[in-house]
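Remember, it's 1-based here, ligands and their atoms both numbered in the order they're listed. Along the sequence shown, the residues carry numbers beginning at 1. Computation of the quantities below employed the complete heavy-atom set of this structure, encompassing side-chain atoms and omitting hydrogens, waters and symmetry-equivalent molecules.
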Amino acid sequence: MRLEKPLAPGSTIGILGGGQLGRMLALAAGELGFSCHIFAPEADSPAFQVSGAHTVAGYHDFTALEGFAKSVAVVTYEFENVPGDTAAFLESRVALAPGSGALKTAQDRVDEKTFIAGLGIPVAPFAAVNGQPELEAAIALIGRPSVLKTRRFGYDGKGQTKITEKTSAAAAWAEIGKAPAILEGFVSFDKEISVIAARGWDGAIAVYDVPENRHENHILKTSTVPADIAGETSEAARAMARRLIGALDYVGVMGIEMFVSGSNLIVNEIAPRVHNSGHWTQDACVVSQFEQHIRAICGWPLGSTERHSNVVMHNILGGESANWADYGASAHTGVHFYGKAEARRGRKMGHINVLTPRQG
Ligand code: AMP
């Protein structure tokens, strides 16, 4: 269902997923006077700590989903692996944003790249792979180095492996668990950037400035804004984001990851949700990506994406969370912790946004 009319403060928003993104969405919703009902399978979900209601149940518990749908005015989600039948079930009962069509495209790397390329937007050369003989044919076509990724359920570098001169097709196929896959040409990029874009039910679009992203061990470490790229390149990236979000008939905030190679842009993937590389907007913009998402899905006018400061977002991973007092003592630094008890290695525990006066 689509939203019939803008939601007034006091309405309840349903969120699938109880991690840090759900938590920060719930916090932003609270600022606008909404309450949130979080639906997640894990009893210790960080988002539960900051929301009015929660349900602990699996995403295929349709009795629990029925009750959830009845209790909320709109449903959104914080992760892209919401099962398709769950999204369809909810969408037949209550407004769902982003809708199940956009979700489906973003969930499958082959569908996603086919869609993006169909708009004339550059992506790495790719081929669908369903077995080892097909992988051998795809390597012959696309060449080495290349990257083999599972079509679905990959994140933070999981479910992917690089194919170099030495890698055998059999080893690569085993490495990704023999799951339906995509082979992509390896892009020798200069930089990784992303664009955070939002679109309302009325088709209005808002796009933030472009961050430059640095990863360590496949996990985002920093986002620096503005990215150190030519002004035309960042405008071209933002224009691509506008085209993509419009063509998907998308409602909400979306993250689009891109590679920059010289003056060329290549889209890597779309995340149908608020995105880690947009966390800097919490402290450097008038309206954060989280508030923007809530505005969009609730039928409010989109807010300004204006950035008042330069900013570097640092993810706080694992044991780095022990440095909380140093972060707290730093000037011009927004501190955000996610309420996670256990600081496992590489786990996203929080982030800081370090502000400096705006230049460029
Ligand atoms: P992904 O899961 O698609 O976001 O990929 C995770 C990371 O792997 C990206 O942020 C890149 O650093 C790297 N990567 C993914 N695909 C490619 C590619 N086709 N060429 C080069 N590097 C890639």
Side-chain angles (χ1 to χ4, degrees), residues 19 21 78-81 103 105-117 121-129 135 138-167 169 172 175-177 179-197 210-225 227-229 237 240-241 244 253-262 264-280 313-315 317 346 348:
L21 301 180
E78 60 136 32
F79 69 114
E80 55 271 52
N81 293 324
L103 174 67
T105 303
Q107 277 179 336
D108 182 301
R109 292 187 191 272
V110 173
D111 293 351
E112 179 183 65
K113 288 218 157 57
T114 305
F115 174 79
I116 299 167
I121 293 176
V123 294
F126 68 96
V129 170
L135 175 57
I139 295 173
L141 191 71
I142 288 173
R144 299 165 188 257
S146 44
V147 187
L148 184 66
K149 304 178 180 177
T150 54
R151 282 175 76 144
R152 299 168 66 89
F153 305 121
Y155 70 98
D156 287 350
K158 296 197 172 57
Q160 61 177 270
T161 188
K162 188 169 172 182
I163 296 184
T164 64
E165 290 308 326
K166 289 175 277 181
T167 319
E175 171 77 25
I176 62 146
I182 183 172
L183 185 73
E184 294 178 13
F186 188 83
V187 179
S188 56
F189 54 81
D190 304 322
K191 288 174 188 292
E192 292 189 80
I193 61 165
S194 55
V195 184
I196 306 299
V210 176
E212 178 172 334
N213 303 319
R214 197 168 54 77
H215 296 84
E216 278 175 19
N217 304 320
H218 289 285
I219 300 173
L220 183 67
K221 192 60 191 146
T222 61
S223 293
T224 302
V225 198
D228 183 17
I229 55 176
M240 279 180 189
L244 278 169
V253 164
M254 176 166 111
I256 303 134
E257 298 176 12
M258 303 183 191
F259 302 128
V260 184
S261 179
N264 297 321
L265 289 167
I266 296 131
V267 172
N268 178 34
E269 68 174 355
I270 295 172
R273 53 173 170 79
V274 287
H275 197 257
N276 195 167
S277 71
H279 290 1
W280 58 274
M313 188 285 308
H314 300 257
N315 267 340
L317 303 176
K348 291 176 180 168

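Within the 3.5 Å criterion, the main-chain N or O of Asn268 finds a donor-acceptor partner in the side chain of Lys113. Under the 3.5 Å distance criterion, the side-chain polar atoms of Arg109 are left unmatched by any main-chain donor or acceptor of Lys149.
The heavy atom nearest to atom 12 (O) of ligand 1, considering only Glu192, His215, Glu257, Arg214, is found in Glu192.
No donor-acceptor contact under 3.5 angstrom links the side chains of Lys191 and Asn213, judged on distance only. Side-chain polar atoms of Glu257 and His275 form a donor-acceptor pair below 3.5 angstrom.
Residues satisfying the side chain to side chain contact (heavy atoms under 4.5 Å, CB included) test with Ser261, not counting sequence neighbours, are Ile266.
Not a single N or O atom of Ala124, backbone or side chain, sits closer than 3.5 Å to an N or O atom of ligand 1.
The distance from ligand 1 to the heavy atoms of Phe189 drops below 4.0 Å at these ligand atoms: 12 (O), 21 (C), 22 (N). Near Asn268, the atoms of ligand 1 lying under 4.0 angstrom from a non-hydrogen atom of the residue are 1 (P), 3 (O), 4 (O), 5 (O), 16 (N).
Within the 4.0 Å heavy-atom cutoff, Gly185 counts among the residues contacting ligand 1.
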